[in-house]
Amino acid sequence: QVQLVESGGGLVQPGGSLRLSCAVSGITFRLYVMGWYRQAPGKQRELVARIDSGGSTNYADSVKGRFTISRDNAKNTVYLQMNGLKPEDTAAYLCKGELGIKDYWGQGTQVTVSS
């Protein structure tokens, strides 16, 4: 059974930081492209950051320079370090694993940026 379990969300003030984790089981993690997506109420789900099996990354323009995606293949975990958080970063953050036509999603973790 494939499971992706996100953690690390919460309430943070503008300018603050959070580190999200996504623990993965049931797949050969090191082969998968891993991504973080987010969805705010009333908005479409959008890609935040992706990291491929070789460690190459790409980011949405809105988070470049503030967010960093990384992976630990020994722990089957992907991370999203978020610095300089803004109110517009408020959303549910979801983890996705993809390999070819296969893709798997986690349930998400809520990030709220507010003073």
Side-chain angles (χ1 to χ4, degrees):
Q1 182 182 1
V2 179
Q3 286 191 311
L4 287 79
V5 181
E6 301 95 334
S7 60
L11 174 63
V12 63
Q13 291 187 341
S17 298
L18 284 173
R19 188 194 196 204
L20 306 183
S21 300
C22 174
V24 181
S25 59
I27 60 173
T28 308
F29 176 80
R30 61 182 173 80
L31 299 179
Y32 275 68
V33 176
M34 299 302 302
W36 285 98
Y37 292 72
R38 66 186 180 188
Q39 188 162 20
K43 293 189 176 182
Q44 284 193 324
R45 188 172 294 182
E46 62 174 355
L47 173 68
V48 176
R50 293 170 82 240
I51 183 166
D52 69 15
S53 57
S56 296
T57 59
N58 61 284
Y59 297 90
D61 287 343
S62 59
V63 306
K64 281 181 182 175
R66 299 189 297 124
F67 291 10
T68 302
I69 189 170
S70 61
R71 65 191 298 160
D72 185 336
N73 289 340
K75 295 183 178 180
N76 285 5
T77 302
V78 61
Y79 304 97
L80 186 68
Q81 178 67 44
M82 304 187 295
N83 299 328
L85 282 160
K86 304 175 181 180
E88 51 264 43
D89 295 317
T90 295
Y93 283 71
L94 303 101
C95 173
K96 177 185 177 183
E98 55 185 304
L99 179 64
I101 62 170
K102 300 177 186 177
D103 65 75
Y104 303 99
W105 290 89
Q107 292 297 308
T109 185
Q110 179 67 34
V111 172
T112 302
V113 185
S114 175
S115 55

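All heavy atoms count here, side chains included; hydrogens, waters and symmetry mates do not.
Closest non-hydrogen pair, K43 versus Q39, comes out as O-NE2, 3.3 Å. Heavy-atom minimum distance, P14 versus S115: CD-N, 3.7 Å. Residues S17 and Q81 come closest through the heavy atom pair CB-NE2, 4.0 Å. Taking each heavy atom of A49 and L80 in turn, the nearest pair found is CB-CD1, 4.2 Å. The two residues A40 and A91 have their closest heavy-atom pair at N-CB, 3.9 Å. Here the shortest heavy-atom pairing between T90 and V113 reads OG1-N, 2.9 Å.
The distance from the CG atom of L94 to the CH2 atom of W105 is 6.0 Å, given to the nearest 0.5 Å. Expressed to the nearest 0.5 Å, how far OG of S114 lies from CG of D89 amounts to 12.5 Å. A distance of 8.5 Å separates OG1 of T109 from CG of L18, quoted to the nearest 0.5 Å. Atom OG of S25 is separated from atom CD of Q1 by 7.5 Å, given to the nearest 0.5 angstrom. The structure places NZ of K96 at 8.5 Å from CG of L47, a figure rounded to the nearest 0.5 Å. Between atom OG1 of residue T77 and atom CG of residue L20 there is a gap of 12.5 Å, rounded to the nearest 0.5 Å.
A chain of hydrophobic side-chain contacts below 4.5 Å, direct or via other Ile, Leu, Val, Met, Phe, Trp or Tyr residues, connects I51 to I27. By the criterion of side-chain heavy atoms lying less than 4.5 angstrom apart, applied directly or through intervening Ile, Leu, Val, Met, Phe, Trp or Tyr residues, V2 is not grouped with Y37; the two fall into different hydrophobic clusters. Hydrophobic clustering of Ile, Leu, Val, Met, Phe, Trp and Tyr side chains at less than 4.5 Å, counting indirect connections, keeps V5 apart from V24. In the hydrophobic cluster analysis, where Ile, Leu, Val, Met, Phe, Trp and Tyr join through side-chain heavy atoms closer than 4.5 angstrom, V48 is grouped together with V12.
The number of heavy-atom neighbours closer than 6.0 Å to CD of E46, taken from other residues, nucleotides and ligands shown, is above 12.
In this structure the side chain of K102 reaches within 4.5 angstrom of the side chain of Y104, judged on heavy atoms. Taking the side chain as every heavy atom from C-beta outward, R38 and S62 approach each other to under 4.5 Å. The shortest distance between side-chain heavy atoms of M34 and L4 falls below 4.5 Å. Residues Q13 and L85 fail the side-chain proximity criterion, which asks for heavy atoms closer than 4.5 Å.
Without hydrogens or angle criteria, R66 side chain to G84 main chain gives a donor-acceptor distance under 3.5 Å. Under a 3.5 Å cut-off, the side chain of Y59 and the backbone N or O of I69 do form a donor-acceptor pair.
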For this session: Would you sort out whether W36 and F67 count as a ring-ring contact (aromatic ring centres under 6.0 Å, His included), showing the intermediate values?
Result: CA-CA 11 Å; W36 285 98; F67 291 10; over 10 Å; no
For this session: Take D61 and K64 through the test salt bridge (charged side-chain N to carboxylate O under 4.0 Å, His left out) and record every step on the way to the result.
Result: CA-CA 5 Å; D61 287 343; K64 281 181 182 175; 3.1 Å; yes
For this session: Start with the C-alpha gap between Y93 and E6, add the side-chain angles, then the distance that decides, and say whether side-chain contact (heavy atoms from CB on, under 4.5 Å) holds.
Result: CA-CA 8 Å; Y93 283 71; E6 301 95 334; over 6 Å; no
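Sequence neighbours left out, not one pair with a member in residues 28-59 passes disulfide (SG to SG under 2.5 Å).
Judged by a 6.0 Å distance limit and a 45° cone about the ring axis, R71 is not positioned over the six-membered ring of Y32.
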